[in-house]
Amino acid sequence: GSNASGKAAGPSITTSVPAATAEVGVITWNVPAGEPPTLDPARSAIESVSTIVANLCEGLFTLGPGYRPEPALATSVEHPDPLTYVIHLRAGVTFWNGDPVTTEDVLYSVQRILDPKLGSSWIGWAAHLDGIKATGDDEITVKLKKPDVVVPNFFAMPAFHVVQKSYAEKAGKDFGTAAGGVMCTGPYKVDDWAQGRQITLTRNDAWWNPARPKVKEVRFTFVTDPAAQVAALAGGDVDGQFSVPRAAHDQLAAKGRLLYGASLATTFLSVINPDGALSDLATRQALHALIDYQGIIQSVYRGTAQPLRALVPPQAWGYGRDVYQAEYDKLPQPAQDLAKARSLVAGSAKAKEKLVLAYTPAIEEENRIATAVADAATQAGMRVELRPLTAEQFGAVFSSPQARAGIDLLLSSGYLDFPEPLAYYQFFTTGNFYNFGGYRNKDYDVAIAAATVTDDADARAKEVAKAQAIMARDLVNIPIATQYVSVYHRSGLTGLVPRQSYLNTPWAAELGGA
Amino acid sequence: MAVAAWLGRRAVAALVTLLVASILIYGALRLVPGDPVLAVSGGRRLTPGQIEALREAYGLNQGLVQGYLDWIGGVFRLDLGTSMTYQTGVTSLLASRLGVSGLLVAYSAALAIGFGSAVALVSAVKGGLINRVTSIVAAVTTATPTFVAAIGLLSLFAVGLGWFPATGAGTGLADRLWHLTLPAAAMAIAAFGVLARVGNAAFAGELSREHVDVARGRGVSGGAVIRRHVVRNALAPLLTVAGLLVASLFVGTAVVETAFGVDGVGSLLVSSVSRRDFPVVQGIALVAVVLFVLVNTLVDLALPAIDPRVTAGGPAR
Amino acid sequence: MGEDVLGITRLGLAIGAGERAVPLLADVTVRVRRGETVGLVGESGSGKSLTARAALGMLPRGARATGGVTVSDVDVLGADSRTLRELRRTRVSMIFQDPRASINPVRRVGDYLTEGLRARGVPARAAAERAADLLGRVGIRDPRGALRRFPHQFSGGMLQRVVIAGALSTEPELLLADEPTTALDVTTQAEVIGLLRDLQRERGTGMLFVTHDLDLAAAVCDRVYVMYAGRIVEEAPGASLFAAPAHPYTKALLEASPSVHGDKVAIKAIAGRPRSLAESPPGCSFRDRCPLAGDDCAGQVPAHRPHGASSAACLHLGGVTP
Amino acid sequence: MTLTIPALRARAARRRRRPLGVTLAVAFLALAAVTAVLAPVLAPHSPAATSLLNSLAPPGTDGHPLGTDSTGRDVLSRIMYGARLSLLAPLGVVLLSGLLGTVIGLVAARAGGWADAVLSRGMDIVFAFPSLLLAMLVVAVSGPGLAAPICALAVGYTPFVGRVVRSMAIQEGARPYLECYRVMGFGELTVAVRHLLPNVLPVLLAQSALAFGYALVDLAALSYLGLGVRPPDADWGSMIAEARSAILQGEPWSGLLPGLAVMLTVVSVNVLGEHLGAAVSGDRREVA
Amino acid sequence: MTAPVLAVTSLVKRFGSVAAVDGVSFELMPGASLGIVGESGSGKTTVARVLAGLERPTSGTVTLAGEVVTGHSRRTRLRRARLLQLIFQDPYGSFDPRRSIAASIAEPLRLHRPGSRERHRARVAELLDQVGLGSRAARSLPRELSGGQRQRAAIARALAVEPRVLVLDEAVAALDVSIQAQILTLLDGLRRDTGIAYVFVSHDLAVVRHITDSALVMRHGRVVERGETERILRDPRHPYTRLLLDSIPSPGWDPGRVARDRRALDQHPSHGESACSTSTV
Ligand SMILES: Nc1ncnc2c1ncn2[C@@H]1O[C@H](COP(=O)(O)OP(=O)(O)OP(=O)(O)O)[C@@H](O)[C@H]1O
Ligand SMILES: Nc1ncnc2c1ncn2[C@@H]1O[C@H](COP(=O)(O)OP(=O)(O)OP(=O)(O)O)[C@@H](O)[C@H]1O
Ligand SMILES: [Mg+2]
Ligand SMILES: [Mg+2]
């Protein structure tokens with residue numbers, strides 16, 4: 001039996017592995033999110049696309065160990081004034097077809113995502129963009145209307161992934177699809193897309209980066225059913241995959257290499273309806289007190305997660321770590337306290353009103369968390385109604401007020417694309433498009449605004465931490481846990497440090513024989 | 001003459017069915033409340049402006065009748081529209097997956113029909129204890145939902161014993177059959193039960209007919225009686241049921257392909273339904289219905305060769 | 001008795017065993033000589049079909065037989081399945097009441113006819129020749145075309161001719177005809193009977209002719225057995241059946257049947273209804289419907305006694321026809 | 001008087017001949033129905049009571065005779081509560097399709113001609129949609145949930161019932177007793193409703209029982225695919241779906257037990273349906 | 001001179017291109033008994049069904065008690081039912097298998113003779129007594145009765161509304177000789193006692209001779225001969241009638257001749273088909 005109560009804290013985190021030494025002919029890698037709809041980097045905001053595109057296309061920068069930006073197609077960036085970034089491109093980089101990368105290609109790639117018809121979710125980076133243009137043969141300049149310290153992070157994101165202009169224009173609507181294909185610069189190129197079956201990448205031997213990949217060919221399969229995934233992994237049909245089904249951790253750990261890494265992800269409850277029962281702080285505090293954090297981490301996440309005191313997990317402190325740490329330590333450690341929750345509920349009329357908790361039952365962990373939260377709330381004297389959402393309805397919550405109607409509380413998981421807490425916290429400023437809960441706190445807004453224009457790391461960290469403390473007190477978001485990234489591969493392979501940046505850095509290039 | 005007229009009537013009936021079915025399929029999915037474009041977002045955040053732009057791009061603001069005419073016109077040109085999630089033609093999307101699903105259905109049908117009719121015949125002829133045992137087995141297998149069978153087979157033969165691969169469709173015919181054995185078996189289990197029962201009833205019914213007694217009374221040997229007078233006569237109901245089963249197996253692939261991670265039409269249907277990728281759902285529904293009508297029309301057309309009475313207007317019985 | 005093509009002696013038949021056994025036939029003795037037509041008459045449920053089928057060795061499922069059945073000196077009840085098959089292929093044929101049920105509806109008439117011949121080892125081509133020949137003999141126009149047609153394309157009368165052709169194709173010594181004309185129109189009946197009689201006479205085939213029509217039996221048969229409740233109650237020459245019925249049951253039947261011939265006479269109904277053997281009272285089965293019955297009838301089943309040209313199983317034979 | 005005895009004996013024999021399987025099936029269905037109705041009284045726990053730290057307890061655990069699921073909910077209680085939706089939803093399908101099918105079948109059979117042609121063709125067209133496909137189509141339209149699939153399956157099974165009712169009604173309508181009623185001066189509607197329908201009823205019931213089983217399986221499959229019952233509601237299908245990862249973990253109980261409930265129910269209704277059908281055809285055979 | 005209780009004029013019934021009944025006319029006096037004979041498919045049953053309102057005639061009229069029966073209104077339906085009832089060949093199929101005999105007989109009473117339950121019960125007992133059935137049969141389901149008993153019950157049910165005409169379609173064909181005699185005797189007695197008129201459809205000339213005064217001989221939907229039954233049997237005028245008579249087995253019977261005559265008749269199908277004009281019988 002795997003009765004979770006008896007188990008210890010859970011598996012440990014891997015931060016380094018031996019580098020790959022041996023060449024490997026072919027590996028088969030499963031993408032549990034299913035077959036990607038496209039390989040267009042502009043539309044690579046969903047896991048199935050990013051996992052593969054990360055090996056195909058490169059931006060100006062990439063995220064290195066510890067999620068630090070590192071140069072890629074650019075060699076450096078200058079920041080002469082708060083509104084200007086000057087980026088120097090690497091010389092001698094070619095697309096897979098041998099054509100050199102020009103500033104024109106870079107500009108085209110960045111600008112095409114600004115077309116709303118494309119539906120790229122990376123469009124958000126340009127909120128304060130004034131203009132972007134080539135200012136030399138191998139230099140482009142980004143001008144902002146308003147200082148925004150978050151912007152440079154996007155340079156390492158698929159928003160700046162470079163595709164060949166002539167190729168993309170020729171492919172038109174088909175760009176990125178099985179029919180149209182893509183043209184990038186990365187360590188792998190698309191060899192074959194057998195729709196419905198697999199995508200095969202082969203090594204790009206002309207890659208500019210001297211760190212030559214060890215694996216010659218990567219075949220992606222798209223098994224979505226967890227049972228089938230585990231059977232495939234355990235049986236050796238598939239060599240590896242990210243996001244291994246938790247239920248099979250024990251089974252797979254005994255077979256090959258199952259590694260965990262800390263991530264920038266958070267699972268949390270957020271207040272969606274500012275006027276309902278949750279407008280009352282006592283109700284929110286009761287909610288905070290009734291959650292079985294320990295049970296969730298041990299039983300739901302089977303130890304592969306950590307409790308959180310704030311919305312943004314410590315991994316995402318890309319700068320000013322000491323400042324963040326000190327402030328973080330001051331926040332209370334969340335723990336279930338049903339007695340406290342009961343007394344809070346007893347003392348508040350609002351707390352006894354019905355509240356609707358929306359969640360995505362298709363994500364098994366969230367289904368269980370929502371179930372447990374609702375049950376605990378009932379025990380504490382609250383009335384919680386569960387409202388299951390489909391992926392589509394969940395998406396609609398973020399884009400249409402009608403979809404949000406009637407929902408008080410939303411359970412969701414999200415991750416930061418890069419280690420900048422601001423990227424999350426700025427969503428909760430007054431009037432922000434994504435501030436669905438209508439959170440309004442002047443002090444919070446001031447702190448975030450200040451941080452956004454503060455270049456200095458520690459100073460910025462201070463401001464962010466101030467906002468973080470305000471939010472933790474107001475409890476408009478109740479962080480529950482940060483999950484680990486997991487990767488499984490058969491024994492005999494090595495080189496892959498489990499990091500969330502598999503979504504935007506060429507991870508397959510690190511993999512190889514032991 | 002009677003045969004030709006009968007065949008003509010069947011063909012016209014099949015075409016009418018297809019026509020009305022296509023209208024239903026298109027109409028139902030166009031009358032959807034809510035916004036199908038959200039499918040394109042893959043669950044990510046879209047601004048209202050982006051959504052409007054996408055609606056335009058997919059021609060979702062078009063009138064119903066015009067939309068249907070465009071769509072059905074496309075169907076005749078083998079163009080089923082463009083998938084919202086995959087951005088590629090639904091036709092090519094289906095074409096690349098039909099092979100696997102077709103093989104899976106054929107394999108599973110072969111298993112179900114082969115074992116089902118064999119068991120039915122043996123138990124009907126032998127009777128007694130064998131008949132009782134097989135009828136219990138048939139009752140239980142009929143009641144075994146495909147997904148329960150899938151879970152059972154998967155955990156026993158793939159995870160537990162490791163005799164068969166658990167997932168994927170394999171490459172090359174032999175490897176593919178190897179991979180599809182468990183999924184096909186999972187689908188075949190319930191179909192087997194149905195066929196065993198129907199077949200048993202058909203064989204037993206034919207066995208008790210007077211002409212069978214007459215043949216025995218004329219000194220025709222036991223084997224020949226079974227072959228010439230029982231099997232042949234029971235073929236019509238068996239074939240009819242098998243036809244219906246084959247067509248429903250095609251939709252049954254939704255469950256097994258999901259459970260066994262086979263990328264075929266069935267798993268595409270499930271994911272497209274949950275993503276509300278309507279062009280794909282419409283395309284698959286149409287293919288399923290065409291397949292159903294096709295198989296059953298073929299069965300109908302084959303019936304006169306088995307039972308000449310059907311063309312004479314009377315029923316096969 | 002080498003002359004007998006069929007010899008049924010003291011045949012008893014029961015279904016089930018022990019306490020729950022249901023008797024179907026008791027003490028049935030029937031003989032058919034070479035070239036002779038023997039009638040078996042009685043109301044429904046009296047056991048006519050069971051008797052005829054027993055001659056083929058076809059007993060109901062789960063039935064046990066006692067007594068003896070021989071066809072051309074072959075012991076049918078004791079025969080193994082091979083002997084039985086051989087017997088059926090070469091020496092006995094049977095014709096049933098409903099020709100439509102007797103022929104496999106999904107096979108061609110030609111298949112039906114040649115099946116019997118092929119089972120005897122006749123080559124395919126020769127079998128087809130013979131089949132066409134036979135169809136011509138039974139009065140079917142365009143026999144070759146008919147071979148390729150299906151049973152549903154024939155009328156009942158024509159189909160019964162096909163069945164007769166099939167039955168005679170193997171040139172049997174014994175023909176068992178179980179109500180072969182009951183399903184047919186009277187005019188068609190006459191034609192079929194005529195045909196059957198001609199063919200039978202021509203080949204010297206012995207025939208057991210089962211019917212419930214007394215007039216027909218009397219007109220067609222050399223000898224007639226009358227059955228009631230699973231027993232033979234009277235055996236009489238065909239000619240004397242009407243003139244001098246021996247058993248009260250036979251007499252009652254005659255009086256109950258209206259006739260087109262002669263003067264119009266009132267009919268006399270028989271009280272009660274016909275019984276099967278299992279339902280009948282102990283002693284004489286007919287006694288509860290019999291006007292002559294006395295207390296003595298209840299004691300035991302009466303034995304057959306000669307009476308004029310006939311013999312009957314009744315204690316009061318004198319009371320029927322003096 | 002002598003007649004009485006065999007007739008009575010035959011009747012008694014008929015009653016005694018009900019096979020053991022049918023008795024068991026009826027008993028199981030009765031048990032399931034009672035359990036569903038009385039779930040709040042009978043269930044040892046609330047079906048929603050979670051206990052994350054006591055998840056996936058094996059059967060036989062103290063207080064949880066059938067163990068707990070991955071959220072620590074009592075499996076026995078959940079099966080009992082799950083019986084409500086699992087049985088009610090197919091019942092809805094059967095009632096709706098039975099009603100529709102009976103009306104359509106009777107009208108088609110009695111009206112004949114043009115109306116019959118249209119109705120029969122309509123049923124053929126619906127029949128061309130495998131029921132699961134129909135259910136998935138409406139889910140695509142309306143999003144997950146039970147109401148739409150129930151309606152879709154009801155429509156989908158209508159030809160299943162309607163065709164049989166129609167052919168039975170035609171067959172039965174050709175039997176003299178119905179013509180007798182007409183000769184007696186009864187109107188068409190009276191004959192159809194008072195005399196034809198009751199005699200078609202056993203077949204209708206038999207067919208409905210089979211449809212119930214199919215609907216149960218279809219709905220469970222839908223829930224298994226995540227397109228049917230939405231949590232926190234649960235039926236047996238969704239319980240199996242939720243147990244999938246537990247099965248992977250080698251703790252199959254929380255999935256196997258509801259799977260067993262589905263199978264037993266379907267076997268039972270099939271056995272019952274077949275018995276009803278056989279009883280009807282047996283009745284016919286006795287006549288012939 | 002009394003008026004005929006039933007008159008049929010130029011009755012035609014077509015099924016597609018087949019004329020099942022082709023210009024049949026006859027009259028039936030109260031208390032008379034008319035036989036309709038002919039081979040299978042000659043249209044006898046169709047005539048009976050048209051009379052009972054189960055088929056609409058293609059043309060021609062049916063007059064009951066002086067009033068032409070047309071249309072399908074409730075009034076027509078009820079009036080026809082009160083005047084004319086039909087007995088079918090199959091005595092089992094004539095009853096709802098789920099209802100007891102008494103319940104089945106009570107049904108027409110409830111429709112046509114509204115009254116208390118008690119009155120109906122008494123009347124059912126009376127009717128059953130009239131056809132020689134007891135109270136045990138009344139309680140039985142149809143399947144628990146023998147064929148003869150069922151046919152008696154069917155007659156009782158038909159008599160329930162006291163019709164003036166009873167149409168019997170092969171009413172005794174399925175019965176054993178001994179039972180057939182019982183029913184024929186019963187029918188004889190009923191006609192004597194109640195003055196009901198019969199249209200007796202049968203292919204059995206002997207039975208028709210016994211139960212009818214006059215008869216029609218039908219072939220291919222037409223009447224080929226009509227007259228007093230005894231006369232037809234003694235002195236058949238139409239070759240077809242002669243053929244029918246010759247087909248009946250008797251001592252010294254020559255089936256071969258029947259076959260020859262029939263072939264001859266088939267070769268001259270027009271022979272005498274409409275020879276007899278519409279004379280009242
Ligand atoms: N297979 C059987 N199992 C049980 N009883 C049977 C079986 N076959 C016949 N019987 C019974 O045996 C009795 C005689 O049946 P049989 O068929 O020989 O009658 P029959 O004289 O041919 O009647 P009919 O004129 O109706 O054909 C009947 O009471 C019948 O119910
Ligand atoms: N409902 C019908 N549809 C088509 N043809 C019919 C129908 N009813 C009767 N016929 C045809 O009408 C003709 C007369 O049939 P009918 O039943 O009246 O004959 P019948 O004299 O009663 O014969 P039988 O002695 O066999 O009962 C036959 O050729 C028959 O095939
Ligand atoms: Mg018989
Ligand atoms: Mg008739």
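It should be emphasised that the depicted structure is a prediction, and the values quoted were computed from it without experimental measurement. Letters A, B, ... are given to chains in the order of the sequence lines, protein chains preceding strands, and every chain is numbered from 1. Excluded from the calculations below are hydrogen atoms, water molecules and symmetry mates; all remaining heavy atoms, backbone and side chain alike, are included.
Comparing B:Thr258, B:Ile151, B:Val293 by how many heavy-atom pairs each has under 4.5 Å with chain D, the most go to B:Ile151. For chain D, the option among B:Val290, B:Asn296, B:Val273 with the highest count of heavy-atom pairs below 4.5 Å is B:Val273. Comparing B:Ala139, B:Gly152, B:Ala13 by how many heavy-atom pairs each has under 4.5 Å with chain D, the most go to B:Ala13. Between chain D and the residues B:Val281, B:Leu291, B:Val270, the most heavy-atom pairs under 4.5 angstrom are made by B:Val270.
Looking at B:Leu18, there are no atoms closer than 4.5 Å to chain D (heavy atoms on both sides), in backbone or side chain. Heavy atoms closer than 4.5 Å to chain D are found nowhere in B:Ala201, neither backbone nor side chain. Interface remark: B:Val148 contributes side-chain atoms only to the contact with chain D (heavy atom separation under 4.5 Å). When heavy atoms are compared at a cutoff of 4.5 Å, B:Ile136 does not approach chain D at all. Proximity to chain D involves both the backbone and the side chain of B:Val140, based on heavy atoms less than 4.5 angstrom apart. Heavy atoms of B:Thr144 lying under 4.5 Å from chain D belong to its backbone as well as its side chain.
Between the CZ atom in B:Arg197 and the CG atom in D:Asn270 there is a gap of 5.0 Å [rounded to 0.5 Å]. Rounded to the nearest 0.5 Å, atoms CZ (D:Phe129) and CD1 (B:Ile25) are 4.0 Å apart. Between B:Leu24 atom CG and D:Ile125 atom CD1 the span is 7.0 Å, to the nearest 0.5 Å. Interatomic distance, CG of D:Leu225 versus CG of B:Leu269, reported as 9.0 Å (0.5 Å rounding). In this structure, CG in D:Leu132 is found 12.5 Å from CZ in B:Phe250, a value given to the nearest 0.5 Å. Once rounded to the nearest 0.5 Å, the distance linking OG1 of B:Thr142 with OH of D:Tyr214 reads 7.0 Å.
Using the six-membered ring where Trp is involved, B:Phe292 and D:Phe127 have ring planes that are perpendicular, over 60° apart on the 30 and 60° scheme.
Looking at every heavy atom in both residues, B:Phe147 comes nearest to D:Ala220 through CZ-CB, 3.5 Å. Scanning both residues, D:Ala128 and B:Val289, for their nearest heavy atoms gives O-CG2, 3.9 Å.
Using a 4.5 Å cut-off on side-chain heavy atoms (C-beta onward), D:Leu137 and B:Gln282 make no contact.
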Q.
As a quick check of understanding, evaluate side chain to side chain contact (heavy atoms under 4.5 Å, CB included) for B:Thr146 and D:Tyr224, giving each step before the final call.
A. CA-CA 10 Å; B:Thr146 306; D:Tyr224 172 82; over 6 Å; no
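Residue D:Trp253 qualifies as open at atom CH2: its count of foreign heavy atoms under 6.0 Å is 12 or below.
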